[in-house]
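Below: one structure, written as structure tokens.
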Amino acid sequence: MKEKVFKYSTLSLLFINFWTLYLFFCYFFEHDEMFCGLGLLANYSYSLLFIFGYGIILLIIRLFFYFKKKTYRLETNFFYILAGTFNLNLFIIWITCIVLKIFEFEFSVLDVLAIGSFLISLFIIVDIYKSVFLAKHQ
């Protein structure tokens, strides 16, 4: 099971790399006009909103299977691992923008989504670590 988690983590990091490259080149080839960079902010905001909702849905499914004592192993699913790593990536990008003073921290919708994204990624990563790497019966 650990091999699956490592393989899916590598694939999700590869996916995140392609997403980052797409946003970089989308911004790089944008023309210098009045609203230069607004498309990048929109792409980031839509990505944050999408992955936040996606993470919430997967957490609800995970909790449903956990409380119903079903045997479906969501913690070794590619999409579950992708949600955890992608949420963490978007939170790190948000923190970097706060530190570089690109964004201001004022509890806007973007700030709440970024903090929620961190909490989702923290829960997913701890869940994967606890259920796969700390499991006594392998």
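Just so it is clear, the structure is predicted and the values come from calculations on it, not from any experiment. Index from 1, following the sequence.
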For the atom pair [atom1] ([X]) and [atom2] ([Y]), what is the distance rounded to the nearest 0.5 Å?
{"X": "L49", "Y": "L113", "atom1": "CG", "atom2": "CG", "result": "6.0 Å"}
{"X": "S9", "Y": "F78", "atom1": "OG", "atom2": "CZ", "result": "9.5 Å"}
{"X": "L58", "Y": "L63", "atom1": "CG", "atom2": "CG", "result": "11.0 Å"}

Practice prompt. Report the C-alpha separation of L14 and T10 in whole Å, then their side-chain angles, then the decisive distance to 0.1 Å, and conclude whether the side-chain contact (heavy atoms from CB on, under 4.5 Å) test is met.
Written response: CA-CA 6 Å; L14 188 66; T10 304; 5.7 Å; no
Item to complete: I would like to know whether D127 and Y80 meet side-chain contact (heavy atoms from CB on, under 4.5 Å); could you show each step before the answer?
Response: CA-CA 10 Å; D127 181 40; Y80 192 63; 2.7 Å; yes
In one Ile/Leu/Val/Met/Phe/Trp/Tyr side-chain cluster, 4.5 Å: [X], [Y]:
{"X": "Y54", "Y": "I115", "answer": "yes"}
{"X": "V109", "Y": "L41", "answer": "yes"}
{"X": "I56", "Y": "F67", "answer": "yes"}
{"X": "Y46", "Y": "L48", "answer": "no"}
{"X": "I60", "Y": "I81", "answer": "yes"}

Mind listing the closest non-hydrogen atom pair of [X] and [Y] along with its distance?
{"X": "F123", "Y": "L59", "answer": "CD2-CD2, 3.0 Å"}
{"X": "I93", "Y": "Y44", "answer": "CG2-CE1, 3.7 Å"}
{"X": "W19", "Y": "S47", "answer": "NE1-OG, 3.2 Å"}
{"X": "G55", "Y": "A83", "answer": "CA-CB, 4.5 Å"}
{"X": "I51", "Y": "L90", "answer": "CG2-CD1, 3.2 Å"}

Worksheet item: Is there a side-chain contact (heavy atoms from CB on, under 4.5 Å) between L82 and Y8 once you walk through the steps?
Response: CA-CA 8 Å; L82 176 67; Y8 291 156; over 6 Å; no
Worksheet item: How are the rings of F15 and F86 set to each other: parallel, tilted or perpendicular (split at 30° and 60°)?
Response: tilted
Practice prompt. Taking D111 for its side chain and E106 for its backbone only, find out whether a donor-acceptor pair lies under 3.5 Å.
Written response: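 Checked: pair present.
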Practice prompt. Could you pull out all residues at least two apart from S121 that satisfy side-chain contact (heavy atoms from CB on, under 4.5 Å)?
Written response: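 If we apply the side-chain contact (heavy atoms from CB on, under 4.5 Å) test to S121, skipping adjacent residues, the hits are N87, L88, F118.
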Fill in: For I57, all residues meeting side-chain contact (heavy atoms from CB on, under 4.5 Å), sequence neighbours excluded
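Applying side-chain contact (heavy atoms from CB on, under 4.5 Å) to I57 gives I61.
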Worksheet item: Is the ring centre of Y66 less than 6.0 Å from the ring centre of F64?
Response: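 Centroid distance Y66-F64: not below 6.0 Å, so no.
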Item to complete: Can you establish whether the number of heavy atoms outside F105 located under 6.0 Å from its atom CZ is more than 12?
Response: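 Buried by this count: over 12 neighbours within 6.0 Å.
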